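Here is the structure we will look at.
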Amino acid sequence: MKILLHTCCAPCSIKCMDDLMESGDFEITAFWYNPNIHPWTEYKARKNTLIEYCNSNNIDVLVQDEYRLRRFICDIYPDFDLKRCETCYRKRIKRTAECASEGGYDCFSTTLLISPYQKHNMLRQIGLEMEEEYAVKFIYRDFRPYFREGQRIARSMGLYMQKYCGCIFSEEERYTFSK
Ligand code: SF4
(Lines give C-alpha, C1' and ligand atoms only; values in the text may rest on other atoms or scores of the structure.)
Protein backbone atom coordinates (compact mmCIF):
# COMPACT_ATOMS: atom_id res chain seq x y z
CA MET A 1 0.00 0.00 0.00
CA LYS A 2 1.18 3.51 -0.74
CA ILE A 3 1.35 5.35 2.56
CA LEU A 4 1.78 9.08 3.12
CA LEU A 5 3.59 9.24 6.45
CA HIS A 6 3.48 12.56 8.22
CA THR A 7 6.93 13.06 9.73
CA CYS A 8 7.52 15.42 12.63
CA CYS A 9 11.32 15.05 12.51
CA ALA A 10 14.04 12.61 11.44
CA PRO A 11 14.79 11.05 14.85
CA CYS A 12 11.13 10.10 15.38
CA SER A 13 10.81 8.83 11.81
CA ILE A 14 13.60 6.26 11.82
CA LYS A 15 11.90 3.46 13.72
CA CYS A 16 8.41 4.21 12.38
CA MET A 17 9.71 3.84 8.84
CA ASP A 18 11.71 0.74 9.73
CA ASP A 19 8.67 -0.90 11.26
CA LEU A 20 6.40 -0.10 8.32
CA MET A 21 9.01 -1.19 5.75
CA GLU A 22 9.85 -4.41 7.60
CA SER A 23 6.18 -5.42 7.49
CA GLY A 24 6.52 -5.47 3.70
CA ASP A 25 3.07 -3.93 3.35
CA PHE A 26 3.98 -0.33 2.68
CA GLU A 27 5.64 1.89 0.12
CA ILE A 28 6.46 5.02 2.11
CA THR A 29 6.43 8.66 1.14
CA ALA A 30 7.54 10.87 4.02
CA PHE A 31 5.47 14.03 4.35
CA TRP A 32 6.83 17.21 5.89
CA TYR A 33 4.14 19.60 7.09
CA ASN A 34 4.90 21.15 10.47
CA PRO A 35 3.87 24.80 10.74
CA ASN A 36 4.02 24.37 14.53
CA ILE A 37 7.82 24.44 14.69
CA HIS A 38 9.40 27.71 15.75
CA PRO A 39 11.56 29.71 15.42
CA TRP A 40 12.66 29.65 11.79
CA THR A 41 16.17 28.33 12.47
CA GLU A 42 14.71 25.38 14.39
CA TYR A 43 12.16 24.72 11.64
CA LYS A 44 14.89 24.75 9.01
CA ALA A 45 17.18 22.45 11.01
CA ARG A 46 14.47 19.81 11.53
CA LYS A 47 13.22 19.99 7.95
CA ASN A 48 16.69 19.75 6.42
CA THR A 49 17.63 16.86 8.69
CA LEU A 50 14.55 14.93 7.61
CA ILE A 51 15.20 15.59 3.92
CA GLU A 52 18.84 14.53 4.23
CA TYR A 53 17.86 11.38 6.12
CA CYS A 54 15.26 10.43 3.49
CA ASN A 55 17.61 11.17 0.59
CA SER A 56 20.38 9.05 2.04
CA ASN A 57 17.96 6.16 2.65
CA ASN A 58 16.17 6.35 -0.72
CA ILE A 59 12.86 7.31 0.84
CA ASP A 60 10.60 9.60 -1.16
CA VAL A 61 9.81 12.81 0.64
CA LEU A 62 7.09 15.35 -0.04
CA VAL A 63 7.62 18.79 1.49
CA GLN A 64 4.91 21.33 2.19
CA ASP A 65 6.99 24.23 3.29
CA GLU A 66 4.80 26.44 5.40
CA TYR A 67 6.37 28.52 8.12
CA ARG A 68 3.63 30.80 9.37
CA LEU A 69 4.31 31.76 12.93
CA ARG A 70 1.58 34.39 13.12
CA ARG A 71 -0.99 32.12 11.54
CA PHE A 72 -0.19 29.33 13.98
CA ILE A 73 -0.55 31.67 16.96
CA CYS A 74 -3.90 32.89 15.61
CA ASP A 75 -5.07 29.31 15.07
CA ILE A 76 -4.47 28.29 18.67
CA TYR A 77 -5.61 31.58 20.26
CA PRO A 78 -6.80 31.81 23.02
CA ASP A 79 -5.87 28.25 24.07
CA PHE A 80 -2.14 28.72 24.48
CA ASP A 81 -1.99 26.12 27.20
CA LEU A 82 -4.37 23.19 27.64
CA LYS A 83 -5.93 22.89 24.20
CA ARG A 84 -3.22 24.06 21.86
CA CYS A 85 -1.93 20.54 21.07
CA GLU A 86 -5.29 19.36 19.80
CA THR A 87 -5.44 22.22 17.31
CA CYS A 88 -1.84 21.55 16.32
CA TYR A 89 -2.39 17.81 15.78
CA ARG A 90 -5.61 18.43 13.89
CA LYS A 91 -3.96 20.89 11.54
CA ARG A 92 -1.13 18.53 10.64
CA ILE A 93 -3.08 15.29 10.44
CA LYS A 94 -5.87 16.91 8.45
CA ARG A 95 -3.41 18.21 5.87
CA THR A 96 -1.80 14.76 5.65
CA ALA A 97 -5.14 13.04 5.06
CA GLU A 98 -6.10 15.67 2.50
CA CYS A 99 -2.83 15.23 0.58
CA ALA A 100 -3.10 11.45 0.79
CA SER A 101 -6.58 11.59 -0.68
CA GLU A 102 -5.66 14.05 -3.44
CA GLY A 103 -2.42 12.21 -4.24
CA GLY A 104 -4.00 8.78 -4.65
CA TYR A 105 -2.35 7.20 -1.60
CA ASP A 106 -3.94 4.13 -0.02
CA CYS A 107 -3.40 5.29 3.53
CA PHE A 108 -1.72 7.77 5.86
CA SER A 109 -0.21 7.89 9.33
CA THR A 110 2.06 10.02 11.51
CA THR A 111 5.37 9.57 13.29
CA LEU A 112 3.90 11.50 16.21
CA LEU A 113 2.63 8.09 17.32
CA ILE A 114 6.13 7.15 18.45
CA SER A 115 6.54 9.83 21.08
CA PRO A 116 5.67 9.08 24.70
CA TYR A 117 5.48 12.86 25.17
CA GLN A 118 2.54 13.33 22.80
CA LYS A 119 -1.14 12.78 23.56
CA HIS A 120 -1.31 9.37 21.93
CA ASN A 121 -5.03 8.65 22.24
CA MET A 122 -5.88 12.08 20.90
CA LEU A 123 -3.67 11.49 17.87
CA ARG A 124 -5.38 8.18 17.20
CA GLN A 125 -8.82 9.74 17.52
CA ILE A 126 -7.99 12.58 15.14
CA GLY A 127 -6.48 10.11 12.66
CA LEU A 128 -9.70 8.10 12.67
CA GLU A 129 -11.79 11.23 12.20
CA MET A 130 -9.69 12.24 9.21
CA GLU A 131 -9.95 8.74 7.77
CA GLU A 132 -13.69 9.22 7.68
CA GLU A 133 -13.59 12.78 6.40
CA TYR A 134 -11.19 12.07 3.53
CA ALA A 135 -12.10 8.42 2.83
CA VAL A 136 -8.49 7.29 3.04
CA LYS A 137 -7.33 4.73 5.59
CA PHE A 138 -5.52 5.83 8.74
CA ILE A 139 -2.84 3.36 9.78
CA TYR A 140 -2.71 3.33 13.55
CA ARG A 141 0.38 1.89 15.21
CA ASP A 142 1.61 2.25 18.76
CA PHE A 143 5.24 2.94 17.88
CA ARG A 144 6.08 4.12 21.42
CA PRO A 145 8.09 1.02 22.44
CA TYR A 146 10.57 1.98 19.68
CA PHE A 147 11.08 5.56 20.82
CA ARG A 148 14.29 5.16 22.86
CA GLU A 149 15.91 2.95 20.25
CA GLY A 150 15.08 5.46 17.51
CA GLN A 151 16.60 8.29 19.52
CA ARG A 152 19.72 6.22 20.18
CA ILE A 153 20.16 5.49 16.47
CA ALA A 154 19.61 9.13 15.54
CA ARG A 155 22.22 10.24 18.07
CA SER A 156 24.71 7.65 16.85
CA MET A 157 24.19 8.91 13.28
CA GLY A 158 24.88 12.48 14.39
CA LEU A 159 21.42 13.69 13.33
CA TYR A 160 20.15 17.00 14.65
CA MET A 161 18.22 16.32 17.87
CA GLN A 162 15.65 18.87 18.97
CA LYS A 163 15.23 19.82 22.62
CA TYR A 164 11.54 20.69 22.67
CA CYS A 165 8.30 19.70 20.96
CA GLY A 166 8.05 22.52 18.44
CA CYS A 167 6.05 25.64 19.22
CA ILE A 168 7.40 28.62 21.12
CA PHE A 169 5.21 27.65 24.09
CA SER A 170 6.84 24.24 24.34
CA GLU A 171 10.23 25.92 24.08
CA GLU A 172 9.28 28.17 26.99
CA GLU A 173 8.10 25.17 29.02
CA ARG A 174 11.32 23.28 28.29
CA TYR A 175 13.71 26.06 29.30
CA THR A 176 11.78 28.22 31.75
CA PHE A 177 9.49 25.94 33.70
CA SER A 178 12.11 23.21 34.08
CA LYS A 179 14.61 25.54 35.75
S1 SF4 B 1 3.55 21.40 22.36
FE2 SF4 B 1 3.97 20.33 20.43
S3 SF4 B 1 2.03 19.35 19.87
FE4 SF4 B 1 1.58 20.91 21.41
S5 SF4 B 1 1.07 22.77 20.25
FE6 SF4 B 1 3.26 22.87 20.69
S7 SF4 B 1 4.24 21.95 18.91
FE8 SF4 B 1 2.10 21.36 18.84
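Note that the structure is a prediction, hence the values are computed from the model and not measured. All ligand and atom numbering here is 1-based and tracks the order in the structure.
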Point to revise | All salt bridge (Lys or Arg N to Asp or Glu O under 4.0 Å) counterparts of Arg84, not counting sequence neighbours | key: Glu173
Review point. Going by the order shown, which atoms of ligand 1 are within less than 4.0 Å of some heavy atom of Tyr89?
Key: 3 (S)
Practice item. Not counting sequence neighbours, list each pair that qualifies as a ring-ring contact (aromatic ring centres under 6.0 Å, His included) and has a residue in residues 42-66. Key: Trp32-Tyr43, Trp40-Tyr43, Tyr43-Tyr67
Counting only pairs under 3.5 Å, give me each side-chain donor-acceptor contact of residues 74-83, with atom names and distances, residues two or more places apart or in other chains.
{"from": "Asp75", "atom 1": "OD1", "to": "Arg71", "atom 2": "NE", "distance (Å)": "3.3"}
{"from": "Asp75", "atom 1": "OD2", "to": "Lys91", "atom 2": "NZ", "distance (Å)": "2.6"}

Check your understanding: Any Lys/Arg nitrogen of Glu171 or Arg174 sitting under 4.0 Å from an Asp/Glu carboxylate oxygen of the other?
Key -> no
Check your understanding: Taking 4.0 angstrom as the limit, do Lys119 and Glu86 come out as a salt bridge?
Key -> no
Review point. Salt bridge or not for Lys94 and Glu129, using N-O below 4.0 Å?
Key: no
Exercise for review: Everything protein-side that's N, O or S and under 2.8 Å from atom 6 (Fe) of ligand 1: list it, residue and atom.
Suggested key: Cys167 SG
Exercise for review: Can you sort out which atoms of ligand 1 are near Gln118, meaning under 4.0 Å from one of its heavy atoms?
Suggested key: 3 (S)
**Study point:** Ile139 backbone acceptor or donor facing Ser109 side chain under 3.5 Å
**Key:** yes
